[in-house]
Structures are given as C-alpha cells and as structure tokens.
Amino acid sequence: MRSDFVSSNCEKNAQTAGLTDSYQRHREMVMQLISSTVKDLLGTSGEKCSSLVLLGAGNCMDVDLPKLTELFKMIHLVDLDSAAAVTAVERSEGNADQFKIHAPVDIAEPLLSLTSRDLRAEEDNREQCIKVLQALSAENAVHEIPEADVVISLCVFTQMIDCLCSLIPEGHPTFTNALKAIRIGHLRRMLSMLRPGGVAIFVTDTASSKTAPILHKATDATIAEIVKQLVVDKNFYSGTNPAMLLADLNVLSRLPNGPDTVHTTDPWIWHIDERALATYAFRIQKKLPVKEETEMADVPESN
Ligand SMILES: C[S@@+](CC[C@H](N)C(=O)[O-])C[C@H]1O[C@@H](n2cnc3c(N)ncnc32)[C@H](O)[C@@H]1O
C-alpha cells in the first residue's frame, strides 16, 4: 500500500477523532439499521448473531461498540488505519475477546497500491489497464474473516473514490470504468464475506454542504426531497447515485450468490463538525442456496 494514501486517510481519522457528539444522529441511524437487521435475522430468539464485519471501521464513531457486543458474538474491524481501530476498541471498554482487528488492509485492493501510470489508457498500457480494472472489480474477501451474518460498509466508498481522484482526474479516459470497477468490486466483496441469507448494509455519504449549502438547513422532513433534487442537479459525489448502485445490484442479483432482496433507506444528515453530509443506505440480503427438493420437484418422474 502507498504510504501517502495511508497517511492521508489516517490524518483525516485523526482530525475527526474527537467528534463523537456531532456523529450522534448518524450513529443512531447506523445502529438502528444494524439492530433491525439482527432482529430480522434472529426473530424473537433472544440470541446473538455470530459475527459482524465493519468495513472502514476507523475511529468507530458511527457505531456503538458496547451495544454491538450485545448483538454479535464476534466483531471484525477492517481498515487501513490500524491505530484508529485499536484506540476505538480500547476506548469501548467492551470484552476485548469479542473484537478482531484486520489492519492495515486495503478493502479495495489493489487501489491503494496503484500509480496513475497503471490506469493509462494508451495502446502500450492497454493490457495492464484492463488487468487493473479486473482486479478492482474482483470478489476479494478479506481472507482471514469467516463468512459473517452482517457486513456493513461505513461510508468508505467515497474515500475510495477520493483516492481514485488523486490518481486520475474525472475527465481521464479510464476514470468512469475505474469508478464502476471499484463500486461493483466493493459490492461483490461485501456479498462474498456473507453467509448465505446474511445481510450487507452499504452506507454512503452522497452529497456535502460544501457544494450544497442547503444541507445545513435540511430536516428529517425535507432531506429526501433535497437529495432527489441534488441528484437531478448532478450535485452529488461521483458514483453514489442510488440509481446506478441499484443497477449494479440488479446485475449481481443474477448470480447464485448475489442479492436476494435490496431495500433503500431514506436519507439522513450526518454532521461532521461544520459539514453536513447527506447519507443513505442499502440493505442487501444475500440469496440462500436453492434447495435440492425444489430442484428435484422440477424433474419429471421416470417410469
Ligand atoms: C468515513 S471513514 C468511516 C468513519 C469511521 N467508521 C469512524 O467512525 O470514524 C472511512 C474509513 O475508511 C477507511 N478507508 C478508506 N479507504 C480504505 C481502503 N481502501 N481500505 C481500508 N480502509 C479504508 C479510512 O481509514 C476511514 O477509517
């Protein structure tokens, strides 16, 4: 992994580490999504789910770690920033045996190891460029994590796209294909880390008050309409248009281990200090394997 990419992300984490209070509403929304998912998976059994994977765990201010230990037996924290994840676990005062940190890890591998030369579209680099795009879109789970009940992506996608933007500008001939490769790769990786029937929760920030100051005034009652208008005005982070993500999920749903159902949440506001970010999520349930009896029922009986 390139040290400049790692250190710029770690610096951002260091800057936001003290913002626990301003994250409160965002944390409540993320925890509500996780809690209702656990309820759906377990019914009223009162048991715990086996495991949860936090992709982009960082400082873990967008989740309540002690509450998560009541819902899951094991919590896997994945990030490129090992120090942030270690501090988050130490601060949580939860049972240390219930946490496993996987860091530093590039969830979008090989993104954090690329140079702009790898993405050159000229004839003499065509083969290398195609190889890189294939690798970005591949189904690379984090190796040592067993299949989980729930995998959540904590607004890490826009940071991946930030990294892409620092490699090549948006007008570059490879930009759109690289963005699509990272996005479908991220969705495939989430699905591949799940057990059949498990749930992936993809949370993403989609627009910022930096380019849409109206977000400072948004309320629960107005945010959905504001986000719709921002999409129409093309005033959102590259790659986060919900319609495009739904199109990717639709393609993946044709695969045997793809999504079974997909629900989109209403957007909410995530306050990071002076900034207000419009944020939303997809809740994606992975297919169960087709039962053998059903397959057999379709076979005509022989005499
Ligand atoms: C927006 S922050 C998520 C907030 C974090 N959960 C918190 O509460 O502080 C995104 C996280 O993703 C991590 N990240 C960004 N790109 C990554 C990559 N390619 N692989 C692994 N982690 C990455 C950053 O280090 C950061 O901790």
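As the structure lists them, so they are numbered: ligands from 1, and atoms in each ligand from 1.
Heavy-atom contacts of Cys60 reach the following atoms of ligand 1: 7 (C), 8 (O), 9 (O) (cutoff under 4.0 Å). Set against the non-hydrogen atoms of Leu112, the atoms of ligand 1 under 4.0 Å away are 18 (C), 19 (N). Shown in contact with Val156 at under 4.0 Å from a heavy atom are these atoms of ligand 1, numbered in order with element: 12 (O), 14 (N), 15 (C), 16 (N), 17 (C), 23 (C). Taking every non-hydrogen atom of Ala57 and a distance limit under 4.0 Å, the qualifying atoms of ligand 1 come out as 5 (C), 6 (N), 7 (C). Short contacts between ligand 1 and Ile107, defined as distances under 4.0 Å to a heavy atom of the residue, involve ligand atoms 18 (C), 19 (N), 20 (N), 21 (C), 22 (N). Residue-ligand proximity, Asn9 to ligand 1, at heavy-atom distances under 4.0 Å covers atoms 15 (C), 24 (C), 25 (O). Set against the non-hydrogen atoms of Gly58, the atoms of ligand 1 under 4.0 Å away are 27 (O).
Closest heavy-atom contact between His102 and Glu144: ND1-OE2, 3.2 Å. Across every non-hydrogen atom of Ile223 and Ala218, the tightest pair is CD1-CB, 4.1 Å. Closest heavy-atom contact between Ser208 and Tyr237: CB-OH, 3.0 Å. For the residue pair Ser238 and Glu170, the shortest heavy atom distance occurs at OG-OE2, 2.8 Å.
For the residue pair Gln24 / Glu28, a side-chain donor-acceptor distance below 3.5 Å is found, with atom types taken as modelled.
Backbone and side-chain nitrogen or oxygen atoms of Val78 are examined, and none is located within less than 3.5 angstrom of a nitrogen or oxygen of ligand 1. The shortest N or O to N or O distance between Val105 and ligand 1 is below 3.5 Å. No N or O atom of Trp270 sits closer than 3.5 Å to an N or O atom of ligand 1.
Comparing Leu55, Thr20, Leu80 against atom 16 (N) of ligand 1, the shortest heavy-atom distance belongs to Leu80. Taking all heavy atoms of Gln159, Met1, His186 into account, the minimum distance to atom 1 (C) of ligand 1 is reached by Gln159. Nearest residue to atom 26 (C) of ligand 1 from Asn59, Ile272, Asp79, Asp106 is Asp79 (criterion: closest heavy atom).
Salt bridge annotation for Arg283-Asp40: present, with a cationic side-chain nitrogen under 4.0 angstrom from a carboxylate oxygen.
At the top of the distance list for atom 4 (C) of ligand 1, counting protein heavy atoms only, stands Asp62 OD2, 3.4 Å. Regarding atom 8 (O) of ligand 1, its nearest protein heavy-atom neighbour is Met61 N, 2.7 Å. Nearest protein heavy-atom contact of atom 3 (C) of ligand 1 is Leu154 O, 3.2 Å.
Residue Val203 is not grouped with residue Phe236 when hydrophobic side chains (ILVMFWY) are merged at heavy-atom distances under 4.5 angstrom, including chains of intermediate members. Ile161 and Val132 fall within the same hydrophobic cluster, where Ile, Leu, Val, Met, Phe, Trp and Tyr residues are linked whenever their side-chain heavy atoms come under 4.5 Å apart, directly or through other members. Phe282 is not connected to Val30 by any chain of hydrophobic side-chain contacts under 4.5 Å among Ile, Leu, Val, Met, Phe, Trp and Tyr, and they are in different clusters.
Below 30°, between 30° and 60°, or above 60°: for Trp270 and Tyr23 the angle between ring planes is above 60°, a perpendicular geometry.
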